[in-house]
K.L.:
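Sending over a structure as structure tokens; questions will come in a sec.
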Amino acid sequence: MDQGNYSRVAEFVLLGLCSSRELQYYFLVFFNFLYIAIVLGNLLIVLTVISEPTLHTPMYIMLSNLSILDVFLATYATPKMIHDFLHEHKTISFEGCMAQIFLLHVFAGGEMMLLVAMAYDRYVAICKPLHYATIMNLCKCTGLVVGSWVIGVMHSLSQLVFTVNLPFCGPNIVDSYYCDLTLVIKLACTDTYVPEVLMLLGSGLMGLTSFLLLLISYTVILVIVQRRSSTGMAKARSTLTAHITVETLFFGPCIFIYAWPFSNFPVDKVVSVFSTVFTPILNPIIYTLRNEEVKSAMHKLKGRYIRSRLPFQQSFTE
């Protein structure tokens with residue numbers, strides 16, 4: 001279609017998670033509670049790492065950045081989904097739709113790279129412990145964190161640049177609760193073969209490469225850990241278990257979605273909800289419940305908060 005002869009759609013219609021009004025009211029309460037828990041839980045980790053000097057190490061600096069990414073990953077679509085539970089007609093502007101696509105790939109791409117950086121940090125800590133302080137210094141840690149964000153932005157721009165210029169002139173119904181790139185591309189009034197290939201090369205290759213790097217690095221680490229039986233190695237196994245669990249939860253839904261990127265299955269909505277809502281809430285639970293240092297730092301933070309409130313309470317009662 002000649003791009004000079006079409007009128008771009010002003011908004012997209014979102015079909016949401018389900019059509020049942022009764023079920024949507026239950027979802028409203030459920031996802032509102034989950035979203036608040038995601039924000040508070042991840043921000044608590046960030047505050048704990050910042051306030052406790054013993055946690056000012058590369059692993060915990062990366063963990064705090066993972067928590068920030070999880071908050072953003074849950075925020076780009078979840079508040080809009082909660083808002084739409086109250087409305088029969090769910091719409092999003094063209095600009096808002098493109099913004100959702102951009103933010104999703106920024107945060108998801110950044111988290112992929114950060115998980116790879118965390119795997120590298122664990123590799124150095126376990127396989128080269130004597131050289132850890134030299135290799136993983138503050139400068140290297142900062143570079144890995146900043147690099148994760150930069151790669152996420154560059155990846156997202158590469159996905160958005162060919163999407164925003166597509167001619168959207170008629171169909172505007174998205175069978176999801178947010179603007180999923182795979183669904184939005186199909187609405188263009190033109191042949192989308194090239195954009196589909198570019199999307200697969202961008203998102204698919206990035207996700208597959210990150211997953212393979214993680215798989216190789218953790219396989220090497222686990223082989224080395226199995227050869228040792230000290231107390232330190234027991235702690236390393238616990239940390240590795242937490243990391244592997246997080247990465248499985250994060251990459252599992254991504255692999256499922258991009259295995260059939262342009263086939264829309266009912267289960268796709270469930271998988272999308274899991275990756276954007278449940279993974280960000282599970283991350284702080286996994287890292288805090290399995291990590292004694294973080295739990296100890298949280299107890300200290302709680303104690304400092306209680307002590308700081310005591311003078312105020314005493315003056316108030318007087």
K.L.:
Step by step, work out the side chain to side chain contact (heavy atoms under 4.5 Å, CB included) result for F33 and I281.
P.N.:
CA-CA 11 Å; F33 171 78; I281 189 62; over 6 Å; no
K.L.:
By the disulfide (SG to SG under 2.5 Å) test, which pairs, at least two apart or in different chains, include something from residues 28-101?
P.N.:
C97-C179
K.L.:
Roughly how far, to the nearest 0.5 Å, is OG of S64 from CE of M59?
P.N.:
11.0 Å
K.L.:
Working to the nearest 0.5 Å, report the span between CE of M113 and CD1 of I151.
P.N.:
5.5 Å
K.L.:
CG/L115 to CG/L66 distance, rounded to the nearest 0.5 angstrom?
P.N.:
6.0 Å
K.L.:
Roughly how far apart are H87 NE2 and L14 CG, rounded to 0.5 Å?
P.N.:
13.0 Å
K.L.:
So if you build clusters from Ile, Leu, Val, Met, Phe, Trp, Tyr with side-chain heavy-atom gaps below 4.5 Å, do I185 and V13 land together?
P.N.:
no
K.L.:
Take the angle between the ring planes of H105 and H155 and call it parallel below 30°, perpendicular above 60°, tilted in between.
P.N.:
tilted
K.L.:
Just do the side chain to side chain contact (heavy atoms under 4.5 Å, CB included) check on F85 and N32 with the steps written out, would you?
P.N.:
CA-CA 11 Å; F85 286 142; N32 194 54; over 6 Å; no
K.L.:
By the definition side-chain contact (heavy atoms from CB on, under 4.5 Å), identify the one residue from V116, V106, L69 that meets it with E111.
P.N.:
L69
K.L.:
How close do N42 and P280 get, heavy atom to heavy atom, and via which atoms?
P.N.:
ND2-O, 3.1 Å
K.L.:
With heavy-atom distances below 4.5 Å as the criterion, would you say the side chains of W149 and I68 are in contact?
P.N.:
yes
K.L.:
M206 vs Q159, test: side chain to side chain contact (heavy atoms under 4.5 Å, CB included). Steps then yes/no.
P.N.:
CA-CA 12 Å; M206 182 178 183; Q159 299 294 287; over 6 Å; no
K.L.:
Kindly compute the distance separating CG (L44) from CG (L47), expressed to the nearest 0.5 Å.
P.N.:
6.5 Å
K.L.:
For a quick test of reading the model, state the closest non-hydrogen atom pair linking M112 to G207 and the distance between them.
P.N.:
SD-CA, 3.7 Å
K.L.:
Quick check on the hydrophobic clustering: are Y177 and L23 connected, directly or via other members, by side-chain heavy-atom contacts under 4.5 Å?
P.N.:
yes
K.L.:
Restricting to non-hydrogen atoms, name the atom on A108 and the atom on L73 that form the minimum distance, rounded to 0.1 Å.
P.N.:
N-CD1, 4.0 Å
K.L.:
Who pairs with T54 by side chain to side chain donor-acceptor pair (under 3.5 Å), at least two apart in sequence or on another chain?
P.N.:
E52
K.L.:
Below 4.5 Å, heavy atoms only, C-beta onward: do L157 and F102 meet side chain to side chain?
P.N.:
yes
K.L.:
Minimum heavy-atom separation for P171 to L187, with atom names?
P.N.:
O-CB, 3.7 Å
K.L.:
Can you classify the ring geometry of F12 versus F168 as parallel (below 30°), tilted (30 to 60°) or perpendicular (above 60°)?
P.N.:
perpendicular
K.L.:
Any side-chain heavy-atom pair from Y123 and K128 closer than 4.5 angstrom?
P.N.:
yes
K.L.:
How is the hydrophobic cluster of V150 composed, in terms of its other members, when Ile, Leu, Val, Met, Phe, Trp and Tyr link through side-chain heavy atoms under 4.5 Å apart, directly or indirectly?
P.N.:
V146, M154
K.L.:
Mind checking whether F107 and F72 have parallel, tilted or perpendicular rings, split at 30° and 60°?
P.N.:
parallel
K.L.:
Please indicate whether H56 has more than 12 foreign heavy atoms, meaning atoms of other residues, nucleotides or ligands, lying under 6.0 Å from its NE2.
P.N.:
yes
K.L.:
Less than 4.5 Å apart, any side-chain heavy atom of Y60 and any of I45?
P.N.:
no
K.L.:
Can you list everything that forms a salt bridge (Lys or Arg N to Asp or Glu O under 4.0 Å) with E88? Sequence neighbours excluded, please.
P.N.:
R21
K.L.:
Evaluate the side chain to side chain contact (heavy atoms under 4.5 Å, CB included) criterion for residues M298 and V294: first the C-alpha distance (whole Å), next the side-chain angles of each, then the deciding distance (0.1 Å), finally the verdict.
P.N.:
CA-CA 6 Å; M298 285 182 175; V294 174; 3.8 Å; yes
K.L.:
Going from CD on Q24 to NZ on K90, what distance comes out if it is rounded to the nearest 0.5 angstrom?
P.N.:
4.0 Å
K.L.:
Minimum heavy-atom separation for M98 to V184, with atom names?
P.N.:
CE-CG1, 4.1 Å
K.L.:
For T75, give me all partners under side chain to side chain donor-acceptor pair (under 3.5 Å), at least two apart in sequence or on another chain.
P.N.:
Y35
K.L.:
Locate the shortest heavy-atom distance separating V277 from I38; write the atom from each residue and the value.
P.N.:
O-CD1, 3.2 Å
K.L.:
I need the full list of salt bridge (charged side-chain N to carboxylate O under 4.0 Å, His left out) pairs touching residues 63-87, with sequence neighbours left out, sorted by first then second residue.
P.N.:
K80-D84
